[in-house]
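Down below is the structure, laid out as structure tokens.
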Amino acid sequence: MAIPQKNLVVSGDVKPMIPEKISQIRSVIAQEKARTDGDRDFNYWMLEKAVQVHHLVALPQGQEFDALSKFVVAYIDALPDCLEHFHRVAEQANLSPYTDLFLNLATDFVLAPPAELELEVGFGHLMDEAFMAHRLLEELNDRCLHYLGGPGLPVDNSFANVIVHGLIGDEFANDLDLAVHFAIESQAAQERAVTANLHAKPLQAVADAAKDWPTLGKELMVGIRFQF
């Protein structure tokens, strides 16, 4: 199912609302989690995913369902923390005029998702929206490495994004990826204007923290099954 790109165009005005948006995302996640707790539909959904991804995702034998469920929950739960950390680091580095352009997009993927994703409900289906936001954060992190002197994220989410890409399914995940890239490109004019007057300062604390940059998902024993 293709995602119409026009659904993802966001107003060019940078809104000083990111902390409030992050708080709203925490509420959305908590509400869906409470609604899904013990939900048989969620359990069936996870069992179906566990069967579908056996060729791509390496799961601990005999613990496939539990491991995959914990991974999905951790992936979604990590999103507001990643957004909040990136926002805080960017402010300290005088980089927020630039990063706010994209953090607003990332938060809107959850709070104002494309019409196709609005039809889906339940905690598990937040994975699609979280994937879009995490992918944008991954791209933004790459763009900001030279400004900050290290990653602006508290974890390396690229590993987890590859796994979630497989969980969503290649065709749909590719559509979501394209939508994320289109959303980023929609800010190109403003990005050029902001960077022309940007006076960011590298943060030594960020560079130091990068030495122990944790990888989201590995501690849950969920890995990628590489084919050679």
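Considering only heavy atoms from C-beta on, Asn174 comes within 4.5 Å of His165 through its side chain. Within the 4.5 Å cutoff, no side-chain heavy atoms of Leu176 are placed close to those of Phe109. Looking only at side-chain heavy atoms (C-beta outward), Lys201 and Gln92 stay at 4.5 Å or farther from each other. Leu167 has its side chain out of reach of Phe131: every pair of non-hydrogen atoms, C-beta onward, lies at least 4.5 Å apart. Between Phe102 and Leu137, every side-chain heavy-atom pair lies at or beyond the 4.5 Å cut-off. Put simply, the side chain of Ile29 reaches to within 4.5 Å of the side chain of Pro80, judged on heavy atoms. Using a 4.5 Å heavy-atom threshold, the side chains of His85 and Arg88 count as touching.
For the side chain to side chain donor-acceptor pair (under 3.5 Å) condition, the pairs that include at least one residue of residues 152-161, sequence neighbours left out, are Tyr75-Asn161, His134-Asn157, Glu138-Asn161, Asp156-Ser158. Sorted by first then second residue, the salt bridge (Lys or Arg N to Asp or Glu O under 4.0 Å) pairs that include residues 186-200, not counting sequence neighbours, are Arg143-Glu191.
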Original post:
So Asp100 and His87, side chain to side chain contact (heavy atoms under 4.5 Å, CB included) or not? Walk me through it.
Top reply: CA-CA 8 Å; Asp100 282 5; His87 181 62; 3.5 Å; yes
**OP:** Quick one: do Thr99 and Glu91 satisfy side chain to side chain contact (heavy atoms under 4.5 Å, CB included)? Show the steps, please.
**Re:** CA-CA 9 Å; Thr99 57; Glu91 284 191 325; over 6 Å; no
**OP:** Test salt bridge (charged side-chain N to carboxylate O under 4.0 Å, His left out) on Glu84 and Arg26 and set out the steps.
**Re:** CA-CA 11 Å; Glu84 189 173 68; Arg26 292 190 190 280; 3.2 Å; yes
**OP:** Before giving the answer on side chain to side chain contact (heavy atoms under 4.5 Å, CB included), spell out for Ile76 and Glu32 the whole-Å C-alpha distance, their side-chain angles and the decisive distance to 0.1 Å.
**Re:** CA-CA 11 Å; Ile76 296 171; Glu32 291 295 349; over 6 Å; no
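Here the closest non-hydrogen pair linking Leu79 and Ala133 is CD1-CB, 3.6 Å. Scanning both residues, Ala93 and Leu148, for their nearest heavy atoms gives CB-CD2, 3.5 Å. Listed here is the closest heavy atom pair of Cys144 and Leu95: SG-CD2, 3.8 Å. Shown here for Asn104 and Ile18, the closest heavy-atom pair between the two residues is OD1-CG1, 3.9 Å.
Between the side chain of Asn141 and the backbone N or O of Gly152 there is at least one donor-acceptor pair closer than 3.5 Å. Between the Trp213 side chain and the Gly150 main chain, no donor and acceptor come within less than 3.5 Å of each other. The closest donor-acceptor contact from the side chain of Ser186 to the backbone of Ala183 lies under 3.5 Å.
Summarising the geometry, atom SG belonging to Cys82 is positioned 11.0 Å from atom CG belonging to Leu103; distances are rounded to the nearest 0.5 Å. The line from CD1 of Ile22 to CG of Asp81 is 9.5 Å long, rounded to the nearest 0.5 Å. One finds the CG atom of Leu101 at 9.5 Å from the CG atom of Leu140 (value rounded to the nearest 0.5 Å). Considering CD of Glu129 and CG of Asp108, their distance stands at 11.5 Å, rounded to 0.5 Å.
Cluster membership check: Tyr98 does not share its hydrophobic cluster with Leu145, using side-chain heavy-atom separations under 4.5 Å among Ile, Leu, Val, Met, Phe, Trp and Tyr.
Under the side-chain contact (heavy atoms from CB on, under 4.5 Å) criterion, Gln24 pairs with Leu111, sequence neighbours left out.
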